[in-house]
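The model shown is predicted, which means the values in this text are computed figures rather than measured ones.
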Amino acid sequence: MKKSILGVLSFWLVFACNPSQNQSVIEDSMPPETQIKEVAMPDSVLRHVVLFGFKETSSPEDIQKVIDSFKALPSQISEIKDFEWGTNSSPEGLNQGLTHAFTLTFHSDKDRDAYLPHPAHKEFGAVLGPHLAKVTVLDYWTKP
């Protein structure tokens with residue numbers, strides 16, 4: 001019995017620590033001395049958070065077209081595993097002109113990297129471009 005438990009435990013440790021199961025992520029937008037190296041856990045996901053602020057000249061209908069175009073991407077790009085969005089409701093007043101938040105979920109850097117140049121994403125950019133005043137994008141691997 002002890003041998004079988006040790007065997008299962010050994011197998012699990014080898015599987016859990018297998019480097020091919022983990023993905024290294026380096027935040028390269030930070031200065032080298034402050035870069036953070038993270039290793040994605042096998043059960044973590046990559047979140048791609050996009051925050052938009054729209055031009056004052058964009059009508060509510062224009063903004064709705066942008067939202068609808070963004071919402072259509074998961075049906076056009078299979079690498080997107082989840083999608084959600086909403087508008088700012090914070091009473092703190094720290095949004096710096098950013099009003100709309102979108103979160104896309106990917107299972108790997110490779111999936112996110114396939115999404116970025118995808119033709120449907122480029123088409124979305126063409127719809128967004130004339131109305132965009134500000135944008136912030138942040139990607140991170142989830143942690144328990």
For the residue pair [X] and [Y], establish whether any side-chain heavy-atom pair is separated by less than 4.5 Å.
X: His48; Y: Leu116; value: yes
X: Leu73; Y: His118; value: no
X: Lys81; Y: Asp111; value: yes
X: Phe52; Y: Leu128; value: yes

Of all heavy-atom pairs between [X] and [Y], which one has the smallest distance, and what is that distance?
X: Arg112; Y: Asp139; value: NH1-OD2, 2.7 Å
X: Ala120; Y: Gln76; value: CB-OE1, 3.1 Å
X: His131; Y: Ser58; value: ND1-OG, 2.8 Å
X: Ala101; Y: Leu51; value: CB-CD2, 3.5 Å

Report the C-alpha distance between Thr87 and Thr99 in whole Å, list the side-chain angles of each, state the deciding distance to 0.1 Å, and finish with yes or no for side-chain contact (heavy atoms from CB on, under 4.5 Å). CA-CA 6 Å; Thr87 56; Thr99 57; 5.9 Å; no
Just wondering, are more than 12 heavy atoms of other shown residues or ligands nearer than 6.0 Å to CD in Gln64? yes
Testing Trp141, Tyr140, Tyr115 one by one against Phe106 for a ring pair (Phe, Tyr, Trp, His ring centres under 6.0 Å), which residue passes?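 Of the listed residues Trp141, Tyr140, Tyr115, the ring pair (Phe, Tyr, Trp, His ring centres under 6.0 Å) partner of Phe106 is Tyr115.
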Test log, rule side-chain contact (heavy atoms from CB on, under 4.5 Å), inputs Leu46 and His107: CA-CA 6 Å; Leu46 179 60; His107 287 173; over 6 Å; no
Report yes or no: do Val137 and Val66 belong to one cluster of Ile/Leu/Val/Met/Phe/Trp/Tyr joined by side chain heavy-atom distances under 4.5 Å? yes
How far does [atom1] of [X] sit from [atom2] of [Y], to the nearest 0.5 angstrom?
X: Asp113; Y: Glu79; atom1: CG; atom2: CD; value: 10.5 Å
X: Thr142; Y: Asp43; atom1: OG1; atom2: CG; value: 7.0 Å
X: Ile77; Y: His121; atom1: CD1; atom2: NE2; value: 7.0 Å

Within the side chain of Lys134, is there an N or O that forms a donor-acceptor pair under 3.5 Å with the backbone of Gln96?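 Yes; at least one donor-acceptor contact below 3.5 Å.
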Angle between ring planes, Trp85 versus Phe102, binned at 30° and 60°: parallel, tilted or perpendicular? parallel
